[in-house]
Peer 1: 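This is the structure I have questions about; it appears just below.
Proteins come first, then strands; the chains are lettered A, B, ... in the order of their sequence lines, and each starts at number 1.
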Number of protein chains: 2
Amino acid sequence: MFLLQGVFREELEEEFRHTMQEYIPFISKYWPFIITGLVCYLATRFCFYALGDKDKRISMYNKDGEHEEADLDTDEEVNDDSEIVPALPADLKHIPFEFERYSEEESVRRAKEFYELVKTRRTVRFFSKDPVPLEVIQNIVKAAGTAPSGAHTEPWTYVVVSDLDMKVKIRDIVEEEEKVNYLRRFGNTLSSAGEKWTADLKPLRTNWIKEYLTTAPYLILVFKQVFSYKEDGSKKVHYYNDMSVSIASGILLTAIHYAGLVTLTSTPLNCGGRLRSLLERPSYEKLMLLLPVGYPAKNATVPDLYRKELDEIMVQI
Amino acid sequence: MFLLQGVFREELEEEFRHTMQEYIPFISKYWPFIITGLVCYLATRFCFYALGDKDKRISMYNKDGEHEEADLDTDEEVNDDSEIVPALPADLKHIPFEFERYSEEESVRRAKEFYELVKTRRTVRFFSKDPVPLEVIQNIVKAAGTAPSGAHTEPWTYVVVSDLDMKVKIRDIVEEEEKVNYLRRFGNTLSSAGEKWTADLKPLRTNWIKEYLTTAPYLILVFKQVFSYKEDGSKKVHYYNDMSVSIASGILLTAIHYAGLVTLTSTPLNCGGRLRSLLERPSYEKLMLLLPVGYPAKNATVPDLYRKELDEIMVQI
């Protein structure tokens, strides 16, 4: 068994034998218990691994060790790990890059313009019921779909919900879980202490009532695809799906703002699985964000926040 | 060894005992080795855990279980987990949200305009040496700094490198690690088989030579802050730092494109730690992306890629 773990190193053998002799009286008496304890520990670990949530395992693997810092070079190239099925043909052509170059002055002007544009974006939690043309949402999603992704796997699914019944079901699930979370977190039980805490939080607008989930004309639920299936039925692992979908979400948020709409960047607590089932998404997809999208309510307020200054976030070398 | 498969359940105990009896002669002979193997295995795991990279441990914790799906409600509210130190004062004022509403037609027009704008973005790996005004880079970083973040922690640091010596040092580190990675991955040894594989990959421009790291006028190294320190010296954990910084990176990439510049979205393999030391960033920061930024070379090419159609990425309910 020690061979499996691959740590029985030659150079440690000698030292090890000395150490063992000290402990032999103890070990020879209690060895069955020691073995059992260790075996149970290992069995537990492996049971958890074998029976645990599939998505989670893949996601853990995905984030782990070597792969965590593997070359992304997103957008356009075959990741060269042999386990990765190329999303791109091996004989992929390269074509001239079409590019219109601005003058320096124009680049300066545009960089400023973009900053001025995005700095007015705020997270809003008070929505108007006013409808939004579907075409707006379609273009917003298309914009998000231009994001780079690990080995160009494009590991995202955007579920756009405008059906009121479905919004009500989503709200029910989110509020049910949220209520439990809030009460548990603040009161440790469903007690009046918990109720008090959440009441105290009202000025911050953080409670389990999520009215915006039925008020906003659209909910966009952003799923990452942890893997997918190729046409021949074999699995295609999506390395960096997490980072890729988050980068795409940055573009999505910018598109929403550019179109004159608002959203609230939220990841509903503990109900990813239930929402995935409700929306009939496959098990290899995992909910990352739930974004109500629409116009703000007329009396919408936002917290009086400041953002860090440039010298707090940028270091120049 | 079957125990490793994780089947030590109550209902299997009986069977287990029988099986054990078969193995007892083996165990009584080799028990010191069995114990050693297990102990070594565990010692290794725990040593790794105790002495391993601090950032990694925190980052793992951060991604784990309950916290993974905790309520983000980014940008503006105190995350209510008691371990989280509010980034915002408890008596935070709420102010009216200033908002200029476009007509429906204007929203449709702008949503399309934004899509048309971002769809021309491509990852480019051939850069011009032409200088770019620092002001452009500053505004790009400021734009990224407007991103929402978990409990408004703004967990990002952008290291902007224009100094040639530093770019050379960065390139040396990246190429050194990349060469090892490429050869090891394709040849399993530093053999000619490995060399051949990487040569075969040349049409895809994936090799360990990263000329762009010294050609591009700027390198932007995006670090996530896994935690930070408050003024009183205590630790402030940054939940969702990973997602927050990736979302900000989506805005960063869009800003680079909007200003008429190009970049290559890459995460250098296995050299985050060395680059962090080189750039003298604290241990609680972790490199996420390395972005060369500049104008494309005149003869720049890109792979002839297509992107998924809207109906492949969007589901409407």
Peer 1: Less than 4.0 Å between a side-chain N and a carboxylate O, is that true for B:Arg122 and A:Glu98?
Peer 2: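 No salt bridge links A:Glu98 with B:Arg122.
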
Peer 1: Closest heavy-atom contact between B:Ala259 and A:Arg110?
Peer 2: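 Looking at all heavy atoms of both residues, the closest pair is CA-CB, 4.1 Å.
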
Peer 1: Under 4.5 Å from any heavy atom of chain B, what part of A:Ile313 do you find: side chain, backbone, both or neither?
Peer 2: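 Both parts, backbone and side chain.
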
Peer 1: Can you name the one residue among B:Tyr258, B:Tyr102, B:Phe114 that meets ring-ring contact (aromatic ring centres under 6.0 Å, His included) with A:Tyr258?
Peer 2: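 When ring-ring contact (aromatic ring centres under 6.0 Å, His included) is applied between A:Tyr258 and each of B:Tyr258, B:Tyr102, B:Phe114, only B:Phe114 qualifies.
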
Peer 1: May I ask you to name which of A:Leu261, A:Thr120, A:Leu253, A:Val161 has the most heavy-atom pairs under 4.5 Å with chain B?
Peer 2: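 Heavy-atom pair counts peak at A:Val161.
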
Peer 1: Using only heavy-atom distances, determine whether the side chains of A:Tyr240 and B:Thr267 contain a donor-acceptor pair under 3.5 Å.
Peer 2: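 B:Thr267 and A:Tyr240 do have a side-chain donor-acceptor pair below 3.5 Å.
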
Peer 1: Tell me, for A:Val262 versus chain B, whether the close heavy atoms (under 4.5 Å) come from the side chain, the backbone, both or neither.
Peer 2: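 Only the side chain of A:Val262 comes within 4.5 Å of chain B.
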
Peer 1: Let me confirm one number: the CG-OG distance from B:Asn139 to A:Ser107, rounded to the nearest 0.5 Å.
Peer 2: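 Reported to 0.5 Å precision, the distance equals 11.5 Å.
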
Peer 1: So, A:Ser249 side chain and B:Ile247 main chain: donor-acceptor pair closer than 3.5 Å or not?
Peer 2: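 Looks like no, no N/O pair under 3.5 Å.
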
Peer 1: Heavy-atom distances under 4.5 Å only: say whether B:Met166 touches chain A with side chain, backbone, both or neither.
Peer 2: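 Side chain only.
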
Peer 1: Name the region of A:Ala248, side chain, backbone, both or neither, that has any atom closer than 4.5 Å to a heavy atom of chain B.
Peer 2: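 Neither the backbone nor the side chain of A:Ala248 comes within 4.5 Å of chain B.
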
Peer 1: If every non-hydrogen atom of A:Thr265 is compared with every non-hydrogen atom of B:Pro148, which pair is closest and at what distance?
Peer 2: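 Nearest heavy atoms, A:Thr265 then B:Pro148: OG1-CG, 3.8 Å.
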
Peer 1: First locate atom CG of B:Leu310, then atom CD1 of A:Ile137, and finally report the distance between them rounded to the nearest 0.5 Å.
Peer 2: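 With rounding to 0.5 Å, CG (B:Leu310) is 11.5 Å from CD1 (A:Ile137).
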
Peer 1: Most heavy-atom pairs under 4.5 angstrom with chain B, which of A:Met314, A:Glu135, A:Arg101, A:Gln138?
Peer 2: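 The answer is A:Arg101.
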
Peer 1: Distance from B:Lys112 atom NZ to A:Ile140 atom CD1, nearest 0.5 Å?
Peer 2: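 Separation between the atoms: 13.0 Å.
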
Peer 1: Side chain, backbone, both or neither: which part of A:Leu219 has a heavy atom under 4.5 Å from chain B?
Peer 2: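 For A:Leu219, there is no contact with chain B at all, as no heavy atom is under 4.5 Å.
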
Peer 1: Heavy-atom cut-off 4.5 Å, strictly under: side chain, backbone, both or neither for A:Arg109 against chain B?
Peer 2: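 For A:Arg109, no heavy atom lies under 4.5 Å from chain B.
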
Peer 1: Does any backbone or side-chain atom of B:Ala300 lie under 4.5 Å from a heavy atom of chain A? Answer side chain, backbone, both or neither.
Peer 2: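 For B:Ala300, the contact with chain A is made by backbone and side chain together.
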
Peer 1: Measure B:Ile220 against the heavy atoms of chain A and call it side chain, backbone, both or neither at under 4.5 Å.
Peer 2: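 For B:Ile220, neither part sits under 4.5 Å from chain A.
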
Peer 1: Please report the interatomic distance CZ(A:Phe97) to CZ(B:Phe126), rounded to the nearest 0.5 Å.
Peer 2: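 Answer rounded to 0.5 Å: 12.0 Å.
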
Peer 1: Using non-hydrogen atoms and a 4.5 Å limit, figure out which bit of B:Ile256 sits close to chain A: side chain, backbone, both or neither.
Peer 2: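 Neither part.
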
Peer 1: Could you walk me through whether A:His152 and B:Thr123 pass side-chain contact (heavy atoms from CB on, under 4.5 Å), step by step?
Peer 2: CA-CA 11 Å; A:His152 196 56; B:Thr123 293; over 6 Å; no

Peer 1: Looking only at non-hydrogen atoms, find the nearest pair between A:Asp304 and B:Ile95 and report the distance.
Peer 2: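 Closest approach of A:Asp304 to B:Ile95: OD1-CD1, 3.6 Å.
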
Peer 1: Any side-chain to backbone donor/acceptor pair from A:Glu154 onto B:Lys308? Under 3.5 Å, distance only.
Peer 2: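 Yes; at least one donor-acceptor contact below 3.5 Å.
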
Peer 1: Hey, could you give me the CG/CE distance between A:Asp242 and B:Met243, rounded to the nearest 0.5 Å?
Peer 2: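 Rounded to the nearest 0.5 Å, the CG-CE separation comes to 6.5 Å.
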
Peer 1: Return the CZ to OG1 distance between A:Arg307 and B:Thr146, rounded to the nearest 0.5 Å.
Peer 2: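 So the CZ of A:Arg307 and the OG1 of B:Thr146 are separated by 5.0 Å.
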
Peer 1: Is the shortest side-chain heavy-atom distance between A:Ile317 and B:Leu279 below 4.5 Å?
Peer 2: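 They are in contact (side-chain heavy atoms under 4.5 Å apart), so the answer is yes.
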
Peer 1: If you tally heavy-atom pairs under 4.5 Å against chain B, which of A:Trp156, A:Phe223, A:Tyr115 wins?
Peer 2: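 Option with the top pair count is A:Tyr115.
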
Peer 1: If you count heavy-atom pairs under 4.5 Å with chain A, which of B:Pro296, B:Pro96, B:Gly260 comes out on top?
Peer 2: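 Result: the option with the highest number of such pairs is B:Pro296.
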
Peer 1: In terms of heavy-atom pairs under 4.5 Å, which option from B:Glu104, B:Glu100, B:Glu312 contacts chain A the most?
Peer 2: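 It is B:Glu104.
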
